[in-house]
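Accompanying notes for the structure given below.
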Amino acid sequence: MTDANVIPPDRLAARIPPDMQRHAARMAQDAFTQIFRLTLSGDPAAVDLGVANMEPLCRNWARVATDDESRALRLALLVAGMDQWGLAYSQAFGLTAIPGLTALLGTLRNSLDVTADARFQQQFAAIEAAESDAVDFKMELRRNIHLALWHAMIACESMDEAVPIQKTLGALMRVLVERMPQLGWRLVADALAHIQIRCLADGAAAVGLAQESNEQFFQSLRQSLPRDQSEAIFAHANRATIAWQQAHKTGIAMESAA
């Protein structure tokens with residue numbers, strides 16, 4: 001495993017700094033969530049209106065960058081983020097397509113001229129050129145996708161509903177570790193830490209089916225990963241969770257003293 005304290009430099013940070021990368025991930029999540037909910041409503045007119053409203057928001061945010069390459073990178077991050085949300089949900093819920101999302105992504109791409117599209121493709125490829133490039137975007141995006149699927153899993157009313165989501169979530173994490181051998185394990189550990197913090201802070205997955213599916217998920221993930229990766233991931237997640245607990249207790253103590 002890569003030294004936990006060593007992260008290669010993000011070569012895209014000069015074009016889009018970490019805070020804007022995280023903002024791009026949240027924008028992609030918000031756009032996907034709105035379009036997905038409208039798609040589930042079964043109202044094509046509402047989906048069309050949602051796509052029409054979302055498209056200029058995405059494009060205008062990309063356009064405020066200072067140069068053409070940075071504008072293309074912003075748009076590429078939004079498209080990549082929404083695409084990954086769509087893939088994850090399609091796998092988890094057995095969907096063959098999410099028409100509203102397909103329409104939005106198509107609209108964002110089809111309006112580009114030849115030069116702009118070539119620049120977009122270059123920046124889209126640059127996101128995956130190295131693991132550490134756009135790493136803050138990748139961490140925020142993956143954390144939120146994993147947490148969303150986890151919440152969906154523990155909200156299921158039967159194990160038959162929970163198992164497909166559980167398997168998808170585990171598979172997404174395993175693939176992430178495989179495709180990003182240097183930093184993927186850190187992204188998975190980050191997501192697991194946030195899941196454990198939700199359990200502690202909100203009492204989530206504490207009883208019944210939610211607890212059972214959560215325990216099965218953790219056990220299955222641990223067993224499906226190579227031992228060295230599994231140990232590093234869970235140790236990193238546990239340290240982060242303990243640090244949160246200590247900070248939380250300190251905060252409560254300070255409030256009581258005040």
Side-chain angles (χ1 to χ4, degrees), residues 2 4-36 54 57-58 61-62 64-65 70-89 91-92 101 104-105 108 123-153 168-177 179-198 201-202 204 233 236-237 239-241 243-244 247:
T2 302
N5 295 318
V6 176
I7 300 179
D10 178 358
R11 299 175 299 179
L12 299 179
R15 294 198 182 282
I16 182 164
D19 61 332
M20 284 294 100
Q21 291 184 25
R22 292 188 289 269
H23 183 74
R26 291 191 293 270
M27 279 193 68
Q29 178 182 3
D30 291 343
F32 170 79
T33 299
Q34 292 186 43
I35 297 300
F36 185 67
M54 189 60 63
L57 294 177
C58 295
W61 183 75
V64 300
S70 297
R71 284 187 281 272
L73 177 57
R74 283 188 174 216
L75 185 61
L77 288 172
L78 292 179
V79 170
M82 286 185 280
D83 186 56
Q84 290 186 46
W85 273 97
L87 289 173
Y89 267 57
Q91 293 174 32
L101 179 63
L104 177 57
L105 296 178
L108 290 171
Q123 297 302 323
F124 193 89
I127 297 169
E128 298 300 328
E131 293 182 31
S132 58
D133 291 346
V135 67
D136 288 273
F137 166 80
K138 293 171 182 174
M139 182 168 286
E140 184 81 13
L141 177 71
R142 284 296 174 174
R143 175 196 301 151
N144 293 340
I145 290 174
H146 295 155
L147 281 172
L149 290 178
W150 178 78
H151 278 292
M153 180 190 74
T168 298
L169 180 55
L172 288 173
M173 290 183 170
R174 289 192 298 274
V175 169
L176 188 58
V177 173
R179 290 184 178 177
M180 298 178 64
Q182 283 187 305
L183 300 179
W185 71 276
R186 291 179 62 95
L187 272 62
V188 171
D190 171 78
L192 293 180
H194 278 78
I195 287 173
Q196 293 180 92
I197 289 169
R198 291 287 190 277
D202 305 329
I233 287 169
H236 196 71
R239 285 195 296 269
T241 303
W244 176 86

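Here the structure is a predicted model, which means the values were calculated and not measured.
- Taking the six-membered ring wherever Trp is involved, the centroid distance between the rings of Trp150 and His194 does not fall below 6.0 Å.
- In this structure, Leu108 CG and Met54 CE are separated by 10.0 Å, a value rounded to the nearest 0.5 Å.
- Expressed to the nearest 0.5 Å, how far CG of Leu141 lies from CZ of Phe32 amounts to 11.0 Å.
- Nearest heavy atom pair, residue Ala80 against residue Ile127, reads CB-CD1, 4.4 Å.
- Taking both residues in full, the closest heavy atoms of Ala88 and Leu149 are given as CB-CD1, 4.3 Å, listed atom of the first, atom of the second, then distance.
- The closest donor-acceptor contact from the side chain of Arg22 to the backbone of Glu140 lies at 3.5 Å or more, if one exists at all.
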request  = Please test His236 against Trp185 for side-chain contact (heavy atoms from CB on, under 4.5 Å), starting from the C-alpha separation and ending with a verdict.
outcome  = CA-CA 9 Å; His236 196 71; Trp185 71 276; 3.9 Å; yes
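- Rounding to the nearest 0.5 angstrom, the gap separating the CD1 atom in Ile195 from the CG atom in Leu147 is 5.5 Å.
- Taking all atoms of both residues into account, the shortest heavy-atom contact from Leu104 to Ala31 is CD2-CB, 4.5 Å.
- At least one donor-acceptor pair under 3.5 Å links the side chain of Lys138 to the backbone N or O of Asp133.
- Note that CZ of Arg179 and CG of Leu187 are 13.5 Å apart. Values are rounded to the nearest 0.5 Å.
- Taken to the nearest 0.5 Å, the CG atom of Leu176 stands 9.0 Å off from the CD atom of Glu131.
- Note on ring orientation: taking the six-membered ring where Trp is involved, the planes of Tyr89 and Trp85 are tilted (angle from 30° to 60°).
- Between Ile145 and Gln29 the shortest side-chain heavy-atom distance does not fall below 4.5 Å.
- For Asp202 (side chain) and Ala204 (main-chain N/O), no donor-acceptor pair under 3.5 Å exists by modelled atom type.
- With sequence neighbours left out, the ring-ring contact (aromatic ring centres under 6.0 Å, His included) criterion links His146 to no other residue.
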request  = List the steps, then state whether side-chain contact (heavy atoms from CB on, under 4.5 Å) holds for Val177 with Ile233.
outcome  = CA-CA 10 Å; Val177 173; Ile233 287 169; 4.0 Å; yes
ask   = Under the side-chain contact (heavy atoms from CB on, under 4.5 Å) criterion, do Met20 and Leu77 qualify, and how do the steps go?
value = CA-CA 10 Å; Met20 284 294 100; Leu77 288 172; over 6 Å; no
message = Walk me through whether Gln84 and Arg142 qualify under side-chain hydrogen bond (donor to acceptor under 3.5 Å, both in side chains).
response = CA-CA 9 Å; Gln84 290 186 46; Arg142 284 296 174 174; 2.8 Å; yes
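- Side-chain atoms of Asp136 never come within 3.5 Å of backbone atoms of Gln21 as a donor-acceptor pair (strictly under, hydrogens ignored).
- The two atoms that bring Leu192 and Ala237 nearest to each other are CB-CB, 3.9 Å, heavy atoms only.
- In this structure, the separation between CG on Leu73 and CZ on Arg15 is 7.5 Å, given to the nearest 0.5 Å.
- Contact of the Phe124 side chain with the Val79 side chain is registered, since non-hydrogen atoms from C-beta on lie closer than 4.5 Å.
- The two residues Ala129 and Arg11 make their nearest non-hydrogen contact at CB-NH2, 3.9 Å.
- Annotation for Ala76 and Gln123: closest pair CB-C, 4.1 Å, computed over non-hydrogen atoms.
- With sequence neighbours left out, Arg198 forms a salt bridge (Lys or Arg N to Asp or Glu O under 4.0 Å) with no residue at all.
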inquiry  = Please evaluate residues Leu183 and Ser132 with respect to the criterion side-chain contact (heavy atoms from CB on, under 4.5 Å), reporting the C-alpha separation (whole Å), side-chain torsions for both, the decisive distance (0.1 Å), and the verdict.
reply    = CA-CA 7 Å; Leu183 300 179; Ser132 58; 3.9 Å; yes
